[in-house]
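Given the structure is predicted, the values throughout are model-derived calculations rather than measurements. Convention: sequence-line order gives letters A, B, ...; per-chain numbering from 1.
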Amino acid sequence: MTEVRTRFAPSPTGRMHVGNLRTALYAYLIAKHAGGTFMLRIEDTDQERQVEGAVDIINRTLEMTGLEYDEGPDKDGGYGPYVQSERKASGIYMKYAKELVEKGEAYYCFCTKERLESLRTQAGDKEIVVYDKHCLSLSKEEIEENLAKGIPYVIRQNVPNEGTTKFVDEIYGEIEVPNAELDDMILIKSDGYPTYNFANVVDDHTMGITHVVRGNEYLSSAPKYNRLYEAFGWEVPVYIHCPLITDENHQKLSKRSGHSSFEDLIDQGFVREAVVNYVALLGWSPEDNREIFTLEELVKAFDYHHISKSPAVFDVQKLRWMNGEYLKAMDEEKFAEMARPWIEKAITKPLDLDRIAKMVKTRIEVFPDIPPMIDFFEELPEYDLSLFTNKKWKTDSEKSLTVLEGMVDSLENAKAFDNDSLYELVQAYAQEQGYKTGFVIWPLRIALSGKAVTPAGATEIMEVLGKEESVARIRKAIEMLKQS
RNA sequence: GGCUCCUUGGUCAAGUGGUUAAGACACCGCCCUUUCACGGCGGUAACAUGGGUUCAAAUCCCGUAGGAGUCACCA
């Protein structure tokens, strides 16, 4: 059996959205699962859409996600160059295009933009152009003459209007389309660059790609590819079209519609492993019911035959859950380090930030959840006295006042101000008074944090806050309660 | 509009002729708990639709409906 070779072939036009990322992931997994080669090829045939620094983004994203390629622009594996503009310079595309012209599978076209415009027709809510093969009838002499005159030209694929073309996709099975539907697509543009479609076929073949992994949006152009492979007499690779990833409105994810790129997600506080893990599960499922996978585990488990056909909605909710799982499983030091900048957004005082990180670790899903959760450490927020009323603990402002007044002195005089000692103190007081512990804890929490929900118990908050601040906050609560 | 693909709970999904139609997220309830969270237990909720084929259909066939993709000198 021949080695499996897959490729990720992005065009450098900006940030990488999750659909792209998943395509890259699947291509990587398919290659690695089979012990094959994963390649990066840069498709920069559109000179106008180039975006400065986009190649860096691609590299950075692949590096961050762990999708290490075996061959690429900076890693020659003998199939280079790996950048299409460099391959174009060698004349490879033109050479193959001319070969097709020789075979009658392609032809020169000198039509002007204006003439093409006149072919434009309305189709539903869209305008489309179907080329009318006008230049196919040009004689050899006319073509020579036009070329000699330097009239701009393109080379188009010649698809007959009769018959049908079939192709086989590993996921979708056999698909057959009428040739009349297949436009005579441009192979070589008037600037001499190949189009994506043509460069793809030439490169995939010359670079030994065995499995073409790409998005479902290309499904309808696959038959044209097949015709090209057949015209050249090349072996058709295995096609694996991945189902679309859509937003909650079932529209294809795209940069243009403002959908999140991988880097956006990282900026939003997701961890890279969680994003990769989540994206792997959009459109593919393992044989067992497992959901949490490292990249290595995905490599082992990934069988592309289990890729599904129907589009998948990108569900941020579930990504958040998964991210939370990753945070919980993360080791403490690493979490503290990653959480640090978010903690510092809310806290400038010299508190025990690692301790706070620990509190927050099992209670958040993404890092941005942190600041609003802990801001009370920095400064006691204004709060409503109604917070002192709690049904479960059967307490209210009046009872809270009693409790706080009953506790404040012993807290002030406490020798040890750590969590355990404080808890003992609270418990002792509760027992002595015949209260439930929660009945005492509740007012303390409110007084200390001004919040009904805190990332830790009252005694732990006191430890972090320190005696002075804690007592001050409790006294303040007593004042407020008295006044009301 | 033509062509192509898709259609199991709100979402991701298992399921390939016989199942009480898994599981996860979300939601709800209970338990645990120093609140919340975590964790544990439980619950609501699905085979788009109409015809076939078959003893038997979520699974096979046909139609219908709905959705999506695509129809550039963009990829």
Just checking [X]: base, sugar-phosphate only, or nothing, at a heavy-atom cut-off of under 4.0 Å?
X: A/A312; result: sugar-phosphate
X: A/K328; result: sugar-phosphate
X: A/N419; result: base
X: A/C109; result: nothing
X: A/V154; result: base
X: A/K392; result: base
X: A/G215; result: nothing
X: A/T454; result: base
X: A/Y193; result: nothing
X: A/I128; result: base
X: A/S190; result: base

[X] vs [N]: side-chain N/O to OP1/OP2 distance below 4.0 Å:
X: A/K189; N: B/A75; answer: yes
X: A/T459; N: B/U34; answer: no
X: A/Q251; N: B/A68; answer: yes
X: A/T45; N: B/A75; answer: yes
X: A/S308; N: B/A13; answer: yes
X: A/Y423; N: B/U34; answer: yes

Exercise for the section: Tell me, yes or no, whether the heavy-atom count around A/E287 atom CD, taken from other residues, nucleotides or ligands under 6.0 Å, exceeds 12. Expected result: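 Not more than 12 within 6.0 Å, no.
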Practice task
Sticking with atom P, work out how far B/U11 lies from B/C47, rounded to a whole angstrom.
Solution key: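 B/U11 and B/C47 have their P atoms separated by 13 Å.
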Practice task
Indicate yes or no: does A/R115 engage A/D132 in a salt bridge with an N to O separation below 4.0 Å.
Solution key: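 A salt bridge links A/R115 with A/D132.
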Handout entry: Under-4.0 Å salt bridge between A/R473 and A/E469
Key =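 Salt bridge: yes.
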Counting Watson-Crick and G-U wobble pairs only, both distances under 3.5 Å, name the nucleotide matched with [N], or none.
N: B/A22; result: none
N: B/C3; result: B/G69
N: B/C47; result: none
N: B/U53; result: none
N: B/U35; result: none
N: B/C30; result: B/G40

Handout entry: Main-chain N/O of A/P81 paired with A/R87 side-chain donor or acceptor, under 3.5 Å
Key =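 Yes, the answer is positive, given that a donor and an acceptor are paired below the 3.5 Å cut-off.
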Handout entry: Short side-chain donor-acceptor distance under 3.5 Å, A/Y225 and A/N200
Key =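 Absent: no donor and acceptor within the cut-off.
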Problem - Check: A/T459/A/N419 side-chain N/O donor and acceptor closer than 3.5 Å - result: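 Their side chains do contain a donor-acceptor pair, which is all the 3.5 Å distance test asks for.
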Problem - Atom-to-atom span, CG of A/D203 to P of B/A75 - whole angstrom - result: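 Those two atoms, CG and P, are 13 Å apart.
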Exercise for the section: Specify the separation, in whole Å, of atom OH of A/Y131 and atom C1' of B/A72. Expected result: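 Value for this atom pair: 15 Å.
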Practice task
Answer yes if the ring centres of A/Y26 and A/W284 are under 6.0 angstrom apart, and no otherwise.
Solution key: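 Between A/W284 and A/Y26, which both carry aromatic rings, the centre distance is not below 6.0 Å.
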Problem - Axial cation check for A/Y193 ring with A/K88, 6.0 Å and 45° limits - result: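 Yes, A/K88 sits over the ring of A/Y193.
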Handout entry: Parallel, tilted or perpendicular: rings of A/W342 and A/F367 (30°, 60°)
Key =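 Correct class here is parallel.
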Identify all pairs in which a protein N or O lies below 3.5 Å from an N or O of nucleotides 23-25 of chain B, and state each distance.
| residue | atom | partner | partner atom | Å |
| --- | --- | --- | --- | --- |
| B/A24 | O4' | A/E291 | OE1 | 3.4 |
| B/A24 | O2' | A/E291 | OE1 | 2.3 |
| B/A24 | O2' | A/K318 | NZ | 3.1 |
| B/A24 | N3 | A/K318 | NZ | 3.1 |

